[in-house]
There are 2 protein chains.
Amino acid sequence: MEESPGRTVRMRDVARAAQVSTMTVSRALNTPERVSPEVRQRVAEAVQAVGYVPNRLAGSLSSRRSNMVGLVLPSIENSLFAATVKGVSDVLRRAGHHLMIAESGYGPEAEEAAIRGFLEQRVAGLILHDTLHTEEAVRLIRRAGVPVVENGTLTPTPLDMVVSYSNREAARAMTRHLARLGYRRIALVTLPAAANQRSRDRQAGYRAALAELRRAVDPALMLEMPPGLASGAEALLRLMDRPRRPDAVFFAGDVLAVGAVLECQRRGWSVPGDVAIAAFDNIDLLAHLNPPVTTLRLPRHEIGVRSAEMLLERLSGRQTGPAAVDLRFEIIQRAST
Amino acid sequence: MEESPGRTVRMRDVARAAQVSTMTVSRALNTPERVSPEVRQRVAEAVQAVGYVPNRLAGSLSSRRSNMVGLVLPSIENSLFAATVKGVSDVLRRAGHHLMIAESGYGPEAEEAAIRGFLEQRVAGLILHDTLHTEEAVRLIRRAGVPVVENGTLTPTPLDMVVSYSNREAARAMTRHLARLGYRRIALVTLPAAANQRSRDRQAGYRAALAELRRAVDPALMLEMPPGLASGAEALLRLMDRPRRPDAVFFAGDVLAVGAVLECQRRGWSVPGDVAIAAFDNIDLLAHLNPPVTTLRLPRHEIGVRSAEMLLERLSGRQTGPAAVDLRFEIIQRAST
DNA sequence: CTGTGGTTTGATATCGGTATCAACCAGACC
DNA sequence: GGTCTGGTTGATACCGATATCAAACCACAG
């Protein structure tokens, strides 16, 4: 008797059933402590009886508040971001907020379109993985006045808030770690740096480490490759083909290191005997490969959690200023180095 | 001069600047062909000048149409779903729609909560990966009257539309494939089947294949394991520890097969010499492992694409009836079997 | 010059809630 | 009793767009 589709149940229907005004229904649902227990009970029953599902569109329009957060990722398919999404999602759900996801495809114009779309939906806040934005995107965000968290790297010029680890420091630490282990010729493979601040930061960290060690940077040992397993294998082969081979390769991107280790298996090369291999991300696979691969433990999940928390805090009006959160990373030494 | 935050720009501001009514602005933006070219131009300029960003909340409320689609996945972290999400996302974006994502955590109650949340936001349609729903969830959907696509498996009793491959047929095909290759004792490892229709369908397919081959099902060769690399390794060890070892193991879930192959590498077991290994999903890693692993090519991306397309078609009012789309899978024979 | 039909535009009500402020009530206090 | 207080409740005006219907306008046929 309550299932026929077609008629949407409005708050006024609940109000009628509970013999109160819509305003009281609204209060009973949103601020129950401001309604007498008896009425609260009547409203709850009426909600059940008529099968009321609140219309957040109307609510948000009227209150000028929204419970949606927009997240823009470079790529939805890249599983590295999954942990961050999960962190964001968990925190938001607990707070009764909802998550919208869009993809920037590694391009600022696509990011701008995504941001515009979110602002049209009047999201309460934005989480952006990229730190490079079009001028128009920045203008849109500024004008909308929504809080924003950037995630990709610890940019010195954040729009608003940043939550990340330092790509530069992480790359620097791993490079120094490899040097400490005795490797003399350490190669670095990154994703194309042109449109990718993260890759640039990692390269900078690598250079800084070598400089501190008073070693020259050999351009022949720095390579940029597209993402992917095959790509990692190819990078390794190219480097090993050089007149003066590296004795260690630091794959600072994606699953490149996995591809390289698998290629070593195929060639029968010993890791780390013939060449040591280090990775940048703690995907579980790295721990199970043969040999297990030295890598960095990055706070992917925590980035999501903290980003969402900071947004929520800002929305609740408690915190005001911009903020930068520098999360810790950690080196996991395994048999591959 | 147009950047000060605080004042939100409304359609009436555009109207004033363009010297027309809000209704004409609305038309110029949504149905430009119904506005004279000259006015259309004036409105476009006014939009630029005042920096107008439409409020979709108001628009959707008024028109009773929405451009948001809700997607509920068992797990956001599981990278298997990424391809589907990508497919959905691409199609929606092109159509000017937006994607909201929530997680059911493999539980119908969590799914119900997610669905309720989406309906409160008045999504235009839903895409659900699970096919098991609470009664209340079904009621909510029915009453809301939104189109729904289910994805997980080809359920015989869909809520509305289904887009999937047949888990049963896929498992059956792979089992027969292994038999054809000459394997006599074929083991099956799945995820826990209790709350997972997909696992049950795969088990059913395996049983059906054996029945057709007039072989008995040996319960000692059927195992249920939680997801994960370590889990796959352990499953393999358990099976190989049995008095009568399997000569082939079909890992019908997640990354179990990867864990198993890596364990074989560690033990120095030859694949497929000591034991053949087959997987269920075409993650690229499987092609690069040593040996490369026989598996199924599943239409993950296409499921997303078709799901979104069917929703959009329904929303545009063209199609009316329920529908089931059975997408093709394919066996990829590699060196591991 | 009038009538007809098609196109372009605007006035107004409405979508389903919330903000705001006023009304009401019981008890405390003078 | 009168006044004040705090706690509940409701009337009403929005929030920012779109649906609907009517008016204005235009060209052209009769």
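Computation of the quantities below employed the complete heavy-atom set of this structure, encompassing side-chain atoms and omitting hydrogens, waters and symmetry-equivalent molecules. Here is how names work: the chains are called A, B, and so on, in the same order as the sequence lines, proteins then strands, and each is numbered from 1.
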Checklist outcome for this item: Taken to the nearest whole Å, CZ/B:R40 to P/C:dT8 is 9 Å
Item to check | Protein-nucleotide distance (A:E120, atom CD; D:dG16, atom C1'), rounded to Å | outcome: 14 Å
Checklist entry - Is A:M68 close to B:M68 at the side-chain level, that is, under 4.5 Å between some pair of heavy atoms? => result yes
Item to check | Closest to side chain of A:M23, choosing from C:dG10, D:dA19, C:dT20 | outcome: C:dT20
Item to check | Side chains of B:N151 and B:T84, donor plus acceptor under 3.5 Å | outcome: no
Item to check | Contacting residues from residues 26-36 of chain B, given that a heavy atom lies under 4.0 angstrom of DNA chain D | outcome: B:S26, B:R27, B:N30
Next on the checklist: Can you see if the side chain of B:R64 gets near the phosphate of C:dG16 - specifically, an N or O under 4.0 Å from OP1 or OP2?
Outcome noted: yes
Checklist entry - CG of B:L61 versus P of C:dT18: gap in Å, rounded? => result 12 Å
Next on the checklist: Test side chain to side chain donor-acceptor pair (under 3.5 Å) on B:T134 and B:E112; report intermediate values, then the result.
Outcome noted: CA-CA 7 Å; B:T134 65; B:E112 178 191 317; 2.7 Å; yes
Item to check | Min side-chain heavy-atom separation B:V123-B:V69 under 4.5 Å | outcome: no
Item to check | Spacing of B:M11 atom CE relative to D:dG16 atom P, expressed in whole Å | outcome: 12 Å
Next on the checklist: Between P on C:dG16 and CD on B:Q121, what's the gap in Å once rounded to a whole number?
Outcome noted: 16 Å
Next on the checklist: Quiz question: by atom type and distance under 3.5 Å, do the side chains of A:H133 and A:E150 form a donor-acceptor pair?
Outcome noted: yes
Checklist outcome for this item: dist A:T153:OG1 -> A:D130:CG (nearest 0.5 Å) comes out at 11.5 Å
Next on the checklist: Looking at D:dA19, I'd like to know if its phosphate oxygens (OP1 or OP2) sit under 4.0 Å from a side-chain N or O belonging to B:R65.
Outcome noted: yes
Checklist entry - Got a donor-acceptor pair under 3.5 Å from the side chain of A:S62 to the base of C:dG17? => result yes
Item to check | Proximity to the side chain of A:S21 - top-ranked nucleotide from D:dA11, C:dG16, D:dA17 | outcome: D:dA11
Checklist entry - Starting at CZ of A:R10 and ending at P of C:dG17, how long is that distance when rounded to a whole Å? => result 8 Å
Checklist entry - If only side-chain N and O atoms of B:T8 are considered, is one of them under 4.0 Å from the OP1 or OP2 phosphate oxygen of D:dG16? => result yes
Checklist entry - Over how many whole Å does the gap from A:L57 atom CG to C:dG16 atom P extend? => result 11 Å
Next on the checklist: Nearest whole Å is fine: how far is D:dA17 C1' from B:N67 CG?
Outcome noted: 13 Å
Next on the checklist: Do B:F118 and B:L71 make a side-chain contact, defined as non-hydrogen atoms from C-beta onward lying under 4.5 Å apart?
Outcome noted: no
Item to check | First of B:S60 and A:A58 reached from the 5' end of DNA chain D, by closest nucleotide | outcome: A:A58
